[in-house]
Every structure is written in C-alpha cells, then in structure tokens.
Amino acid sequence: MTLPMTIPAPGLPTRVRIHEVGPRDGLQNEKTLVPAAVKAEFIHRLAEAGLTTIEATSFVHPKWVPQLADAEELMELIDDVDARLPVLVPNERGLDRALALGAREIAVFASATESFAKANLNRTVDGALEMFEPVVTKAKDAGAAVRGYLSMCFGDPWEGPVPISQTVSVSRRLMDMGCDEISLGDTIGVATPGHVREVLDTLNEAGVADDRLAVHFHDTYGQALANTLAALEHGVTTVDASAGGLGGCPYAKSATGNLATEDLVWMLDGLGIETGVDIGRLTATSVWMARHLGRPSPSRTVRALSQKEI
Ligand SMILES: CC(C)(COP(=O)([O-])OP(=O)([O-])OC[C@H]1O[C@@H](n2cnc3c(N)ncnc32)[C@H](O)[C@@H]1OP(=O)([O-])[O-])[C@@H](O)C(=O)NCCC(=O)NCCSC(=O)C[C@@](C)(O)CC(=O)[O-]
C-alpha cells in the first residue's frame, strides 16, 4: 500500500472534496444503455465508499444524451442515498423536471468557445448564458445550490488553444449570475500544470477566488494528476473525478476519460490529504461497473489494486 504522510506537505490543503462525476459524465457517452437499476446501485456503492458529492444524471433533451433519458426513474431509486446529488440542467425545462424530483443542487454548463457552445447546446456562448440566467435565478429562489461548468477552458478541438481572457470572461459572467462554484473543464485533456497555474492566477486577479473554483481534468495526455496537484498547490480544494476513469463528452471530438477517482485518491492518500474515501471499496465498485460495461477500467490504480486483495 501507499505510505501516507502524516501531515500534508506545506502549501497543500488538509482536505479535498471530491465531486464524483462517474454516473453522469462517466456514463453519458456509453453506447449501450445501462439500466437505471445498475446506475442506482453504482451511486449507492459510491456513497458507501465515502464519496459525499455524486453527480447523478442530467435533465437534458433525451435525444441529445440517450444514456441519461432515465433521469426521472433514476432519481426515484436514489432518494435514500446519503450524499449530495447534483444534476445537470441546461434550461428551465430541465430545471423544472429536476426540482419536481427534489433535486437540491443543479449545474448549468457553459463553454469558453463558440464551437463547443454550438455543438453542445445549439447556442452561441451569449445565447447559452441567456438561457442559463433564469435557470440560476429560479434554482436559487428554490433554495438549490448552483454549479457553473465551464468547458474548453484550455483548448478546443475545433479552435485550438483557448485565450485565457475567454475563460475568465465567461467565468465572471457565471459568478455574476449567481453560480456558487465554477468547475473549470479541460474537456479534451490538453492542459499542462503551468497553463493551469496561469489560468488560476488570471481568474484570481479578475476576482474569481480559488475557494469558488473546482477543476475538471480529462486524462488524454496523462496530465490530469499533475494538473490537479498544480491546482491544489494554488489553493483549489474541490476536484472532479470519475470512478474507474469512465467518461468523455459526446459533443467534444477527442474527449477521453476523466481523471479516475482511484488515481486521485491514491495520490491524496499518499500526500496525507483527507477525502473520506475508502479506496478498496471504491476500486471494487469500479471493477463491478467495468464488468457491466464489458471492458476493463483504464485507471492504473484500479488495475493495480484489483490484482491484489482489496
Ligand atoms: C440545450 C438543448 C435542449 C437545446 O437543444 P435545442 O434542440 O436547441 O432545443 P430547443 O430549446 O429548441 O427545444 C427542442 C425540443 O427539446 C425539448 N427540450 C428542451 N429542453 C429539454 C429538456 N431539458 N428536457 C427535455 N426536453 C427538452 C423542447 O421541449 C423541444 O421539444 P418539442 O417542442 O420539439 O417536442 C440541447 O442542446 C441539449 O439537451 N444539450 C445537452 C448536451 C449535453 O448534455 N452535453 C453533455 C454535458 S456537458 C459536458 O459533458 C462537459 C462537462 C460538464 O462534463 C465539463 C467538461 O468536461 O468540459
């Protein structure tokens, strides 16, 4: 097993909140429909492994993301789960569907680039923000917490490198609209640690503080953990990850799996940073899910631990 430090290294947080995205971001791209009962068991197991925030599903148009068309059925099956269960909503229609089922946390999802706004939401960047504005107001009036995702913060498959000014400007607009937290998405996994530091520095200068930010890395070039460490050293303490490294956005060419939650927990355990997650139970869950999906998890930690007694 890893040899944990007893106290975190200087400059690192003592605790990190993991925002688990496996059931939503992880499964949304799967071609074969996963039954709602299997998704519900996945979420129950993740909560039992110690994850306290588990993004459950999306209330989007079912034609756009067929895998999550069972959002209503799933919500009924997980109403006993003892964890925060945020859901994605793109518009008022989605919000009404989510609130009717008792959702207490929602997320809108914006883009730093025009190409992805069009591909993912059939809107311009401005048009998407206009669509979100009444959603955020209504959600907050209903007492729900609101996360604002921002995709393509570092690079875009159609437009190439993304100017930091675009990331900062849309982040500010999401904050000004009332989002409690912004999750910075490296949707296609092209970021490197120096770039992460630069984006965070510029956001801080624009008044978006680290304690309102989360990071959401994909592992295309094997940089997700290094990028996460750079963000933690900077002062961010909320990290998105997907059990077993499931994932990839259906509307972003070249998006690969998310940072695997097990890889993240292994690193944080080693650094003496608390997460509350039991890595053995989590790995067993990802192995169980991989069997359902018919292929092994891409996570190195899952592969290493599942060859041992867990
Ligand atoms: C936003 C829309 C709906 C616009 O899509 P549109 O086609 O422009 O929709 P519309 O507003 O013109 O409405 C068309 C029809 O859809 C219905 N409709 C409209 N809204 C809903 C709804 N909520 N639920 C159910 N039905 C809905 C609406 O009622 C209407 O029905 P009709 O009158 O034709 O029968 C569409 O583009 C959409 O659903 N997009 C979602 C795409 C998505 O979920 N992508 C993945 C999530 S983002 C991501 O993964 C990245 C992230 C967050 O992980 C971070 C990162 O890595 O970067």
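These numbers were taken from a predicted model, which means no experiment stands behind them. When a ligand or atom number is given, it counts from 1 through the structure's own listing order.
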### Message
Atom CG of residue position Asp82 - does it have more than 12 heavy atoms of other residues, nucleotides or ligands inside 6.0 Å?
### Response
no

### Summary
A student comparing Ser151, Ser183, Ala119, Gly189 should find that the heavy atom closest to atom 55 (C) of ligand 1 comes from Ser151

### Query
Of Arg123, Arg93, His61, which has the heavy atom at the shortest distance from atom 10 (P) of ligand 1?
Arg123

Residue part near ligand 1, for [X], under 4.0 Å between non-hydrogen atoms:
| X | answer |
| --- | --- |
| Val65 | side chain |
| Leu68 | neither |
| Lys63 | neither |

### Query
Are Ser242 and Asp25 linked by a side-chain donor-acceptor pair shorter than 3.5 Å?
no

#### Entry: His195 side chain to Asn227 side chain, donor-acceptor N/O pair below 3.5 angstrom
no

Under 4.0 Å from a heavy atom of [X]: give me the atoms of ligand 1 that qualify, with their elements.
| X | result |
| --- | --- |
| Asn120 | 37 (O), 40 (N), 41 (C), 42 (C), 43 (C), 45 (N), 46 (C), 48 (S) |
| Asn122 | 6 (P), 7 (O), 8 (O) |
| Asp25 | 50 (O), 54 (O) |
| His218 | 57 (O) |
| Asn91 | 3 (C), 19 (C), 20 (N), 21 (C), 22 (C), 23 (N) |
| Gly94 | 23 (N) |
| Tyr149 | 53 (C), 55 (C) |

### Note: Arg97-Glu72 ion pair, threshold 4.0 Å (strictly below)
yes

#### Entry: Heavy-atom pair of closest approach, residues Asn258 and Gly247
OD1-CA, 3.6 Å

### Message
Is it the case that ligand 1 has an N or O less than 3.5 angstrom from some N or O of Arg24?
### Response
yes

### Query
Are any of the N or O atoms of Phe109 closer than 3.5 Å to those of ligand 1?
no

### Message
Measuring only between side-chain heavy atoms, which start at C-beta, is Leu213 closer than 4.5 Å to Glu181?
### Response
no

### Query
Does a side-chain heavy-atom distance below 4.5 Å link Ile106 with Lys138?
no

### Task
List in chain and number order the residues that pass ring-ring contact (aromatic ring centres under 6.0 Å, His included) with His216, two or more places apart in sequence or in another chain; answer none if no residue qualifies.
Tyr149, His218

### Task
Please list, chain by chain and in numerical order, all residues satisfying side-chain contact (heavy atoms from CB on, under 4.5 Å) with Asn122, sequence neighbours excluded.
Trp64, Lys118

